[in-house]
Amino acid sequence: MITVPSRNRRFTPPTKKRHPEWLPKPQRVLYDESITPGNKEFISQIVACNRGLINNKSPLNTELIQPNTEWTKSSRRPGLIGKKIGVYPMWLKNGQRVLTTLLQIVDNEVVKYIPPEECNPVIKSIKHQVLQRKLGCLIIGAQNIDPQLLTKDYYGIFNTAGVTPKRTMMRFYVTPDAALPSGTPLVAAHFTPGQFVDIRGKTIDRGFQGVMKRWGFSGMPASHGVTKTHRRGGNIGSGGQKARVMPGTKMPGHMGNRWRILKAVKILRVNTKYNVIWVLGPNIPGETNTMCYLYDSMLFTKRPVSPHFPTYFPNSDDTLPENLYAEDVHAFGDPTIEYTPDS
């Protein structure tokens, strides 16, 4: 029997509605640059040029790739940036029907690698401080964007790395043996079917909501004598000597638009042609066409055994089939499952 992970509701601080300080402003004011139609067509081809690197050889700089590196239990490799494109049903070999979420890996490339001695993340505890001293940082970009729409500062990040400008960037902490050079393409074959991953995404923005929708309150009675309190939260005072509202009281407020992590999500299917990953469950954070981040599960019992380390290189001699399935998933090309009554 397969169980779908769920996110627990808990008190969190208010959401910050601003970009991080280290990220330059990406968009700029548009003006007429008097570009000829031929040059515009050429720019559009350059923006989408990296989509064909899956089946072609890429002239990458392999200085940062450690030779003969093998995966160990202490190794940590980067993740992927996926685009949530919908929910689709699948069937297991025991006849059970499950819902899956489709995540497409769009134009993922390595933008920059920061070694451990230069990596200065936001540290919250001594435990994280000791851990981050041993880890480097890989900046991954996804979804190519037109360079004409970017500011000079934001475009300089990709111009220095020699990578096509990306709409979305994400930092992944990795061990030094998993370092990758700038421009390395990352595809859906980075993960294998049957593997467990953690997915981080931003929930759907619901705006200002009441206690019934935000916290699941049942509301006041709808009988006679109830005046304008049908959907209210009721008494919030603590009484006695406290005489104040306790921190964390469930009250109306902004709902959604917060980062959530869904841990130990199983991969059921991988499509190597269109870079699509089928993960178990319809409860992936975010709405359709939003970006989420996938990486190897941090749970001790759900860690991968032998992944492609540091990543899957499409230039290798071995070619993967178009569709990869987990062991307990019924492929669409397999014979129909038939059950006979026990004698």
Side-chain angles (χ1 to χ4, degrees), residues 3-23 25-26 79 81-82 84 87 99 101 120-132 168-173 197-265 279-295 297-300 302:
T3 58
V4 179
S6 61
R7 302 187 302 273
N8 297 326
R9 292 182 176 179
R10 60 186 183 274
F11 174 74
T12 55
T15 308
K16 296 182 179 180
K17 302 292 184 180
R18 59 181 182 271
H19 294 286
E21 299 178 356
W22 54 269
L23 182 64
K25 188 177 180 180
I81 303 177
K84 184 177 178 180
V87 178
L99 291 178
T101 303
N120 297 319
V122 178
I123 300 173
K124 297 183 179 180
S125 63
I126 300 179
K127 179 179 179 181
H128 288 82
Q129 183 177 2
V130 175
L131 180 62
Q132 298 300 342
T168 306
M169 288 194 299
M170 177 64 179
R171 296 181 293 182
F172 294 95
Y173 296 108
V197 295
D198 295 346
I199 302 178
R200 179 176 183 263
K202 185 172 287 188
T203 57
I204 300 176
D205 190 1
R206 304 291 184 180
F208 192 95
Q209 298 295 334
V211 292
M212 293 185 67
K213 184 172 183 178
R214 190 185 184 194
W215 302 109
F217 284 14
S218 60
M220 294 292 183
S223 59
H224 292 283
V226 180
T227 306
K228 297 183 180 181
T229 58
H230 302 84
R231 299 184 63 88
R232 299 209 173 186
N235 183 19
I236 62 174
S238 57
Q241 298 179 355
K242 298 178 182 179
R244 66 189 181 96
V245 179
M246 301 302 295
T249 303
K250 297 179 180 179
M251 299 178 66
H254 191 99
M255 178 182 178
N257 196 26
R258 296 186 179 182
W259 290 106
R260 291 291 183 267
I261 299 178
L262 190 61
K263 297 184 178 181
V265 184
V279 296
L280 179 64
N283 56 343
I284 304 302
E287 54 186 337
T288 306
N289 296 327
T290 56
M291 310 302 290
C292 57
Y293 310 111
L294 297 80
Y295 50 91
S297 180
M298 296 295 180
L299 299 181
F300 182 78
K302 302 296 184 180

Checklist entry - Partners of Y295 by ring-ring contact (aromatic ring centres under 6.0 Å, His included), sequence neighbours excluded? => result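 ring-ring contact (aromatic ring centres under 6.0 Å, His included) list for Y295, sorted by chain: empty.
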Does the side chain of [Y] come within less than 4.5 Å of [X]'s, by heavy atoms?
| X | Y | value |
| --- | --- | --- |
| W259 | K202 | yes |
| R200 | M170 | yes |
| T203 | M255 | no |

Checklist entry - Counting only heavy atoms not in R232, do more than 12 fall under 6.0 Å of its CZ? => result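 12 or below, so no.
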Spacing of [atom1] belonging to [X] relative to [atom2] belonging to [Y], to within rounding of 0.5 Å:
| X | Y | atom1 | atom2 | answer |
| --- | --- | --- | --- | --- |
| H254 | D205 | NE2 | CG | 4.0 Å |
| M169 | M291 | CE | CE | 13.0 Å |
| T249 | I236 | OG1 | CD1 | 7.0 Å |
| I81 | T168 | CD1 | OG1 | 6.5 Å |
| F208 | K213 | CZ | NZ | 13.0 Å |
| Q209 | W215 | CD | CH2 | 12.5 Å |

Next on the checklist: Taking side-chain hydrogen bond (donor to acceptor under 3.5 Å, both in side chains) as the definition, give me every residue that meets it alongside T290, ordered by chain and number, with sequence neighbours left out.
Outcome noted: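 side-chain hydrogen bond (donor to acceptor under 3.5 Å, both in side chains) check on T290 returns nothing, list empty.
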If you look at every heavy atom in [X] and [Y], which pair is closest and at what distance?
| X | Y | answer |
| --- | --- | --- |
| P282 | T101 | CA-OG1, 3.5 Å |
| G201 | C292 | CA-CB, 4.3 Å |
| R231 | V211 | O-CG2, 3.9 Å |
| V245 | M251 | CG1-SD, 4.4 Å |

Return a table of donor-acceptor pairs under 3.5 angstrom between the side chains of residues 223-230 and protein atoms on other chains or two or more places apart.
none

Checklist entry - Can you name the side-chain contact (heavy atoms from CB on, under 4.5 Å) partners of L299, sequence neighbours left out? => result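 side-chain contact (heavy atoms from CB on, under 4.5 Å) list for L299, sorted by chain: K263, A264, S297, K302.
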Checklist entry - Is a side-chain N or O of D198 found less than 3.5 angstrom from the main chain of I261, in a donor-acceptor match? => result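 No; zero donor-acceptor contacts below 3.5 Å.
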